[in-house]
Amino acid sequence: CTKFLEVDPTNKVDDSNFFQTSTEAYQALMGIYSQVIFAYPYSVALQSDVLSDDMYTGAANIGDMREYQEMARFQTTTTNPTIANVWSKCYTGIQRANTLLVNYDLIEFKGTEEEDKKNYKGEALFLRGHFYFELLRNFENVPLILEPLDATNWKGVEQSDPSVVYAQAAKDMMDGIELMAERISDGQQGRLDKYGAKAELVKMFMFYTGYYNQQTMPVEGGAAIDANQALTMVDDIINNSGRMLIENYGDLYSPISADFNQEVLFEFPYVATGSSDWGGSFRGNYQCIQSGPRDREANPGTPILAGGWGIGIPSQELYEAYMEEGDLERMHGTIVLAEELIDAGGGLGASFNHSGLFTNKITTHTSRFPDAGSRELNYSVNYHYIRLADIMLLGAELAVELGQDPSKYFNPVRERANLQPKSGITLEDIKKERRLELALEGHRYFDVLRWSKGDINYVNNELSVTSYTLRGPRVEGDEYLNGTGQNLTGDIGASADFIVNFDNSKRGFQPIPQTERDLNPLLKQNAGY
Amino acid sequence: ANVIAQERTVSGVVKGASDGMPLPGVNVSIEGTTIGTITDFDGKYSLNIKDEKTSIIFSFIGYKSQTVVVGTQGTINVTLEDDLEELEEVIVVGYGVQKKSVVTGAIASVKSDEITETPITNASQALQGRTPGVLVTNTSGQPGAGIEIRVRGTGSNGDNSPLYVVDGMQVDNINFLNPNDIESMEVLKDAASSAIYGARGANGVVMITTKKGKEGKARITYDGYFGIQTAARTSDLMNAQQYMEFHNMGAANAGYDQPFSAADMANPRADTDWQDEAFGNAPIQSHNISTSGGSESSTYLMSFGYLGQDGIVAPDKSNYERFNFRLNGTHKLSKSLTAGANMTYVHEKQSGIQENNAFGGSIQNVLLHDPLTPVYETDPNRIAELETKNGAVKNSNGQYYAVSDQDLREIVNPLARFENTNDESFTNKLIGNVFLEYKPVNIEGLRFKTDFGIDQGSWSNRNYTPEAYYNPNNTVATSSVSQNMNNYMTWQWENVAMYDRTFNEKHQINGVLGMTMRQSTGIDMSGSRANLQLPGWHYGYLGNGADDNNQKSNGGAYDQRLLSYFGRVGYTYDNKYMLSATMRYDGSSNFGPNNKYGFFPSVQAGWVLSNEDFLSSSETINFLKLRAAWGQVGNDKIEAFGYMQAIAPTYAYPIGPDGNPQPGYGVDRAGNPDLKWETAQEFNFGLDAGFFQDMLTTNIDVYSRQRKDLLGYQPIPDYVGMQDPITNMGTVQNRGIEMALTYQNREGELKYSFTGNFAYNDNKVLDVNNEDGIIYGPTMFQTDGQLVMMEGESLPVYYGFKTDGVFQSQAQADAYNEMYGKNAVAGDIQYVDSNGDGVIDANDRTAIGSPVHNWSYGLTIKLEYKGFDFSMFWQGQAGGEMINAAMRPDLMTTQNYPTRYLDSWTPSNPNASMPRFTHNDTNKNYTWMNDMVHLEDASYLRLQNIQVGYNFSDKACEKIGVGRLRVYASGNNLVTISEYSGINPENGHGGVWSGYDLGSYPVAASYLVGLNVTF
């Protein structure tokens, strides 16, 4: 009779019996990748851009999207659920990587699968490093966990010194790069090759050495990386990755062909299966519906952009930066103007912090209108987390730092935007170029942090908006007025709502989520919270 | 001279006085002899007598014996009166019955006449307000909605519903039962009584016995009612003028432009009362017909029941029908063998609208939609514009539903929402058991019973969403359809030996020994598909979806098993002293190999003082019993394989140029191989008393129940990277007192009874085995604060911000701003620095109130005069709070509000109950859950039923050829007294985490006329 009570589940497997062949290794690897793109309820790009001076949170009012509203004003509460999601997303990815790596030797690969055996492990190692980098740049002081934890042995875990975690992340990335593929085979797009991994290692190097004002980045169990090595990696990426700048800046996001274009090194793939729903299945890019303009029609034929929730409003400061530079190509590639939408038809309303500007990158492009399913969750736009232009401009910075000529890194990016090449390029030139080239792709905030070179006042000066004058309408005319007579082609709202005060005491980092500290009092809260 | 005895035959019919029906099996014997007979199937007897002086005794259990001197009569018809003392009420306990006078546990019993006395749609409603300590909550007014029963408070942060046992078969709920089929319902309230159901008894046990046939002539009864329902209560919402003024004030306080001009105010587009438009009258009807009877060897009962209920909201989209069939029968195979079966089949059809949803629930739409929009569009320009929209919603007459000018997103014209709601579900269930009982002829009092039962059924649901244009921000681009189905089968095999015998008239001994095996399995499948080529509800099936790329399917299976051994021994001396003990040993497949089994003992004792010499002659006290019990019961209601650290599917990852979703796998939940049974331990002390020959009776129970090793998801830090493990994680205590008091007069022309009951339950979390002593429950959309389970508080408790009034002046606000670094202005809430750290932030969240009612009460008044009867039934609860949570922070500048918000602070209204209303709520008056804005007293008192009936006299019945005839008129749910601003203060959505009213279907008030006939 005792046998009667022994039943096995039909939808999962006891973890001790799971890992057998390359199939399980691949499935476990997919489980890790799925955390990279986990896009609900926040997304990597939107979350970092609302922190920057390129974007306001927008939405309906100050009570709407309050998680972003308070982050954008550097008043993040320790109970902010969005920031807690960043934390848990990364650590879930780390747990999955740890579980695969710990069991890796149990897996039997066939003789023909030697490449897969190397690559899968390399990708798992790299992705663990990737998650640690995301944690480090958001939270700075995080626990370093390299083995799977269980229901009880999590007690006693403490935060590690950031340099220790950076060193481990660098080691993971470098170990991974050794094992990763030179090229991802056709049909496997979405996995990363070693150049994508190198690109993020360069970004991490730049952030670490910049923000902490260091010459080198430590590597656990190995020699530290310096600027020369970083620039060598940049050259390697430029010369050997097979990536190149695409011809037309405006094609980076909107058309279907923008996904997996030849410029992208590290891509977050999203898909419009129509099957993503609020029941917990998220495969689309949730940032699109958030970014779409408020009170606008949402039909397959709604011109330019279909309606959305008006979250992530480009700032007038960003628009003015383009206009000062005469950079219309990238302005239009980055921003949709309210007047364009109104002229094209389809209606428009104002959001909170309305500027009459909308993102033209990760948004509700007509060409991407989901033909089925819950529209909010079924936009397929991929997020190009790292593309070659980003790495080339980092190369330019490294070249300046090393006293070399940065023009070969810098000018191709500028020329692609139909701007005149520059000579005598300074760091200031590169900073401006990065802002215009990479705006609204989730880089600006971390760039500003790393350019501080240890001086937090730099960040404060860049990001704070201590006084604000409402920008008047760009275009006059009755057709641009909303129901209450406000012109939608300029700022709408109270100027006080546009004030931002960067809080030096927080040093640009987010709070350790309150529940983590409630559950484990050994975790220390970050300064300023 | 001696009269020579001449033998002759006397014959006649014996009937029962209460129903006038012939009584079979009545003992008819000649006094002083052993000569006699019994009445036959039609109550007839014949007996040979020799002497006129002979006395015949008619005796039958449950009736007063009658002695008749024969005299010269040849025909003697007798009507036997019920013997209330002899026919002592019998209570069903686990695996047996007991005389009420010697019951030692806390068991509440409701009999068939009480169950059908008030017209109810769901058997659970029969318990509402009837017995102290048993809380019955209508989760919703939607037809066919479930009902939540809690016995003695909330004990767990998981499942709190009791175990239901229908004719021995354990089932999950009793929504399927026809109330007219029920003979009795017994609630085993204390742990000692339910310990015989050990593993699954921690939430109490509700035992249901269905009606059986009786020996005798076939009788046919009809029970039916018809009525009209209407919304019992509505929410008091702002009208157009109030709405515009309120939002203008909100904008002014934020420094924003006024949304409504003087011209708008003078000439609003409409002033729509959406509740008026959405809530209407709807019919309800119930018809039940049953026939029963039996011979000496066989009895049977067959019944058919129909219930049809239309909803008071969107009746063509929200309705319920239930068809019940039942066949119960027993047959004596031999002197020692009896076989029997109870079978019921039910078919349910249900359609519903979406409710209790903060993202476009239909009722939320009704509550939040601005009143400025008409129901139908009449403006030709607007109609012309709507005609250009794909999916603009029209009614069947081709009228367009108007679209609001406000930015309301998910809040759309409620009637348009109803128009596009298409949903139906079908349930089929067959529940039944067959048994064989063996009574060895040579061992008195011993019985063996083997019983095999099944609960088998299927459920299917279909839902269709057409293309729609609700407003610019809310459109449905393509039609879609979903279908879901499941099929389940539970079997239960039970073998029990029972012994019950009285020795020397004073020593009564009983024992039970048994085992149960039980297996529940099920499979489910679901699919959805978009873009229907043949549009419309009629074609709303998966096969008509055109889009192959986005079709979605899902399916799975489950298998849960239980193996149990149990026993009971009891001893009663002279109906004075009672002692019994039970034990149960249960194994469940829900637990891992380390802790599969749990052991659950109990003991009970009782003392009937009124049978002692010192009380037996008392004129005042005719009955007095003291009871004491201790027991442990268990709970295994956790998700299957919760103990296992398992690798399960993760979100898929798109691979390849077209993003082909690849299933990923990862550890989903931290395992816990040592997971074990949750245990409830309870002491119960009780007193049952009757005074003045039971004119006044009372039952009082005092109990203390501790729920230990509570099964729940134990929060662990997110850096572990897995979902929270299921652990044994806390202790919840429920202590309380229950009291029922009945004063009745059953003699004379005017019979009456008053029954009052009340219960006080103190619910407290004693221990949360967690680092911070808190388990977080659900929050509200974009609001800080939530329901939590925390030590020292009731389960659950609102965890939010305490307030200390509002700032009456800017100077006051500035002082606070200075001290706490805030930017409040006059009229804002002054939050309390609860933790005293000099900062006002999330760490100041604390317990601010609880949705748990401490008090519950009921009052029933019954009067009978000649053929008329009248009854009135009140019930209520008090002490708990509720949040009217349909409002949305992101729509605060456009949504409508309850009029309660009109009393918001302004310089000229300094004593307002609410803070200032502003469209720029930087002080978070509305988004920090607090005791001023959010919590409302949810106490209520409800007139549940009022009824007048008339029983036709026997003569009248005879004339029209029926055995019994009663007609009645009944009003249900007529009055609810409550301060609460939402529609219904009683809201059971969400199980243990009930506490947010997100817009619930109104409960119906109904006016019914009914008829009971017996042939």
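We name chains A, B, ... by the order of the sequence lines, and we start the count at 1 in each one. Note that the coordinates shown come from a computational prediction; the quantities given were computed from them, not determined experimentally.
Look at A:Glu267 and A:Arg191 and you find no salt bridge, because none of the NZ, NE, NH1 or NH2 atoms lies under 4.0 Å from a carboxylate O. With respect to the salt-bridge test (charged N to carboxylate O, under 4.0 angstrom), the residues B:Lys389 and A:Glu297 qualify.
Partners of B:Tyr653 by ring pair (Phe, Tyr, Trp, His ring centres under 6.0 Å), not counting sequence neighbours, listed by chain and number: A:Tyr33.
In this structure, chain A has a heavy atom under 4.5 Å from the side chain of B:Pro661, while its backbone stays farther away. Residue A:Leu523 touches chain B through its side chain alone, counting heavy-atom pairs closer than 4.5 Å. Neither the backbone nor the side chain of B:Thr779 comes within contact range of chain A; no heavy atoms are under 4.5 Å apart. For chain B, the nearby part of A:Trp87 is the side chain; its heavy atoms alone come within less than 4.5 Å. For B:Pro889, the parts lying near chain A are the backbone and the side chain together; criterion is any non-hydrogen pair under 4.5 Å. For A:Arg96, the part lying under 4.5 angstrom from a heavy atom of chain B is the side chain only. Residue B:Ala477 touches chain A through its side chain alone, counting heavy-atom pairs closer than 4.5 Å. For a residue to count as touching a neighbouring chain, one of its non-hydrogen atoms must lie under 4.5 Å from one of that chain's; by this rule B:Ser588 touches chain A with the backbone only. Heavy atoms closer than 4.5 Å to chain B are found nowhere in A:Asp259, neither backbone nor side chain. Contact of B:Arg529 with chain A is not made at all, since no heavy-atom distance falls under 4.5 Å. Neither the backbone nor the side chain of B:Ser480 comes within contact range of chain A; no heavy atoms are under 4.5 Å apart. Of the two parts of A:Ile94, neither the backbone nor the side chain holds a non-hydrogen atom closer than 4.5 Å to a non-hydrogen atom of chain B. Neither the backbone nor the side chain of A:Gln69 comes within less than 4.5 Å of any heavy atom of chain B. Using a 4.5 Å cut-off between heavy atoms, B:Phe260 does not touch chain A at all. Contact annotation for B:Met644: only side-chain heavy atoms (C-beta onward) come within less than 4.5 Å of a heavy atom of chain A. The part of B:Leu562 that comes within reach of chain A is its backbone (N, CA, C, O), which places non-hydrogen atoms under 4.5 angstrom from that chain. For B:Asp784, the parts lying under 4.5 angstrom from a heavy atom of chain A are both the backbone and the side chain. Neither the backbone nor the side chain of B:Arg888 comes within contact range of chain A; no heavy atoms are under 4.5 Å apart. Of the atoms belonging to B:Asp921, it is backbone heavy atoms, and not side-chain ones, that fall under 4.5 Å from chain A. At a 4.5 Å heavy-atom cutoff, the contact between B:Asp257 and chain A is made by side-chain atoms alone.
Ranked by heavy-atom pairs under 4.5 Å with chain B, the first of A:Leu100, A:Thr77, A:Asp295 is A:Asp295. The most heavy-atom pairs under 4.5 Å with chain B, out of A:Thr484, A:Asp14, A:Asn153, come from A:Asp14.
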B:Tyr719 and A:Ile145: CA distance, side-chain angles, deciding distance, side chain to side chain contact (heavy atoms under 4.5 Å, CB included) verdict: CA-CA 8 Å; B:Tyr719 62 71; A:Ile145 294 153; 3.5 Å; yes
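Evaluated for a side-chain hydrogen bond (donor to acceptor under 3.5 Å, both in side chains) with B:His247, the options B:Gln895, B:His919, B:Gln406 yield exactly one hit, B:His919.
Counting non-hydrogen atoms of other residues, nucleotides and ligands closer than 6.0 Å to CD of B:Glu385 gives a total of 12 or fewer.
Checking B:Asn925 against B:Asn923 by side-chain atom types alone, a donor-acceptor pair falls below 3.5 Å.
Taking both residues in full, the closest heavy atoms of B:Val768 and B:Ile775 are given as CG1-CG1, 3.7 Å, listed atom of the first, atom of the second, then distance.
Inter-residue side-chain proximity for B:Tyr597 and A:Leu5 is flagged as met; some heavy-atom pair is nearer than 4.5 Å.
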